[in-house]
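See below for the structure under consideration.
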Number of protein chains: 2
Amino acid sequence: MREGPDIARIASLVGDPARANMLNALMGGTALTASELALEAGVSLPTASSHLSKLMEGGLLTLASQGRHRYYGLAGPQVAGMIEAITGVAEAVGPRRVRPGPRDGAMRVARVCYDHLAGEQAVAMLDRLVDKNILLRDDKEIRLGPSAASHFAAIGIDVQTRPRRPVCRACLDWSVRRSHLAGTLGAAILDKILAEKWARREKDSRAVVFSPPGKQAFERVFLA
Amino acid sequence: MREGPDIARIASLVGDPARANMLNALMGGTALTASELALEAGVSLPTASSHLSKLMEGGLLTLASQGRHRYYGLAGPQVAGMIEAITGVAEAVGPRRVRPGPRDGAMRVARVCYDHLAGEQAVAMLDRLVDKNILLRDDKEIRLGPSAASHFAAIGIDVQTRPRRPVCRACLDWSVRRSHLAGTLGAAILDKILAEKWARREKDSRAVVFSPPGKQAFERVFLA
DNA sequence: CGCATGGTTTGATCCTCATCGAAGCATTCT
DNA sequence: AGAATGCTTCGATGAGGATCAAACCATGCG
């Protein structure tokens, strides 16, 4: 009936809430794994996998296999631009943003992002580590500084033995709109926070809640 | 689970083939009636009406009631830009354009656009009428020229008695990408073409097929 | 008024597709 | 090799929504 490119096909890919959440999560430019995207979208892993297949087939995503992990990312700036455009219209015509509930507040402060910490606390931590030259930041790239090994060893984190997965990665924080620390180091830090019982995870949520003494300890170690 | 504007809602509106066709048809900037959009989308009038309600509720369309007619148009340039962006991605990743079938060829030459003629023939006709100053064109606006009344009266078309609906309107042609003539004059011309049996409509298609003598007559009257 | 025309609403049908549990692959770690 | 982890495929279920026929409203015409 109609000629031209099949815009309905593309739009319907974005038109599913789960897929839209995934694409939104990928708008930061960081490629993410299926597990993390499932978490972001709030669906089970099989469901997420199915959605990812469709997005791949539709040409909206690229896939980079690294060992046992499979990192999904946006196919390119054109796709990102399209998401931007749709977001713009949604913002303009949408029923205005829902007021943030109490749990959202906690999420903003600190939450789990796959295997590392995200939120205001996490962004502040990365800023401070870079300030102190423990980590060296070059735009998107983060590397260990000269004093990193000794600094992290002091708190029981080993950054010497290099695994395949990058030690440091920047991950865009959707609440603060700036990067926080991902990678094995980010994961190790989150492990320590939970192991030391500085904070606990909210049930059925990604929120991470610090206890008062836990918060002090965290600030002493990472924000001093 | 996710904050921010509801992009899935907007995208899913565009994600239905019928609605996508309607939006595509409106990309020319001309507001169209429900009947015409139903024709463009290839669905029944009730179905089209339902879709139009959804697009209205979603804020993608505006509605201008003129007497018994209701003209639907895109809500604004932002919406048009979004469609453009989606089209761009669809074009880039899409399975390339399907090769045009034989019927598509005929459609390109001449077809019905609601109640008037569209396609290469129609675009050529408008060009010629403007060239000869029978019609005066000022960008999107088309008006009758001084010699219009006598010229059209000679072939049995009355442009004197003014109805509510505009006599002339520009309508963007999707195959040629330039405007052709709509409005009551466009409708009257199509009527004449069919009444004189210069051409006939294809069954179950919008294609209009000229007979050899019909084509000559048409060219003599409108392209001379 | 009554008829015709343009549009919407209602109701019923049907089908796609989103979802998740369970099982199956693949890769890495020990 | 065996265990563990990350991810995909299969199968069954269920819900949303696209569709059209028929009935219903509204506007214009004679």
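Because the structure is a prediction, the values reported are computed rather than measured. Reminder, nothing fancy here: chain letters follow the sequence lines and each chain counts from 1.
- In terms of the salt bridge (charged side-chain N to carboxylate O under 4.0 Å, His left out) criterion, B:Glu57 has no residue partners (sequence neighbours excluded).
- Judged by distance alone, the side chain of A:Ser49 and the main-chain N or O of A:Leu45 form no donor-acceptor pair under 3.5 Å.
- The side-chain heavy atoms of B:His51 and B:Leu13, taken from C-beta on, include no pair separated by under 4.5 Å.
- For the pair A:Ser50 (side chain) and A:Pro46 (backbone), a donor-acceptor distance under 3.5 Å is absent.
- Counting only heavy atoms from C-beta outward, the side chains of A:Leu185 and A:Phe152 approach each other to under 4.5 Å.
- Axis angle between the ends of the helix from C:dC1-D:dG30 to C:dT30-D:dA1, five pairs each and rounded to 10 degrees, works out to 30°.
- In this structure, A:Arg19 contributes its side chain and A:Ser12 its backbone to a donor-acceptor pair below 3.5 Å.
- Between the side chain of A:Lys192 and the main chain of A:Ile155, a donor-acceptor pair closer than 3.5 Å is present.
- In this structure, the OH atom of A:Tyr71 is 14 Å from the C1' atom of C:dT27, given to the nearest Å.
- Qualifying side-chain hydrogen bond (donor to acceptor under 3.5 Å, both in side chains) partners for B:Ser44, counting only residues two or more places apart in sequence or in other chains: B:Thr47.
- Residues passing the side-chain contact (heavy atoms from CB on, under 4.5 Å) test with A:Leu194 are A:Leu190, A:Arg201, sequence neighbours excluded.
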Go along nucleotides 9-23 of chain D 5' to 3' and tag each nucleotide: B for a protein heavy atom under 4.0 Å from its base, S when only backbone or sugar atoms are that close, - otherwise. B--------SSBBB-
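- No side-chain heavy atom of B:Thr62 sits under 4.5 Å from any side-chain heavy atom of B:Leu74.
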Scan nucleotides 11-13 of chain C against the protein and return all N/O pairs shorter than 3.5 Å with their distances rounded to 0.1 Å.
none

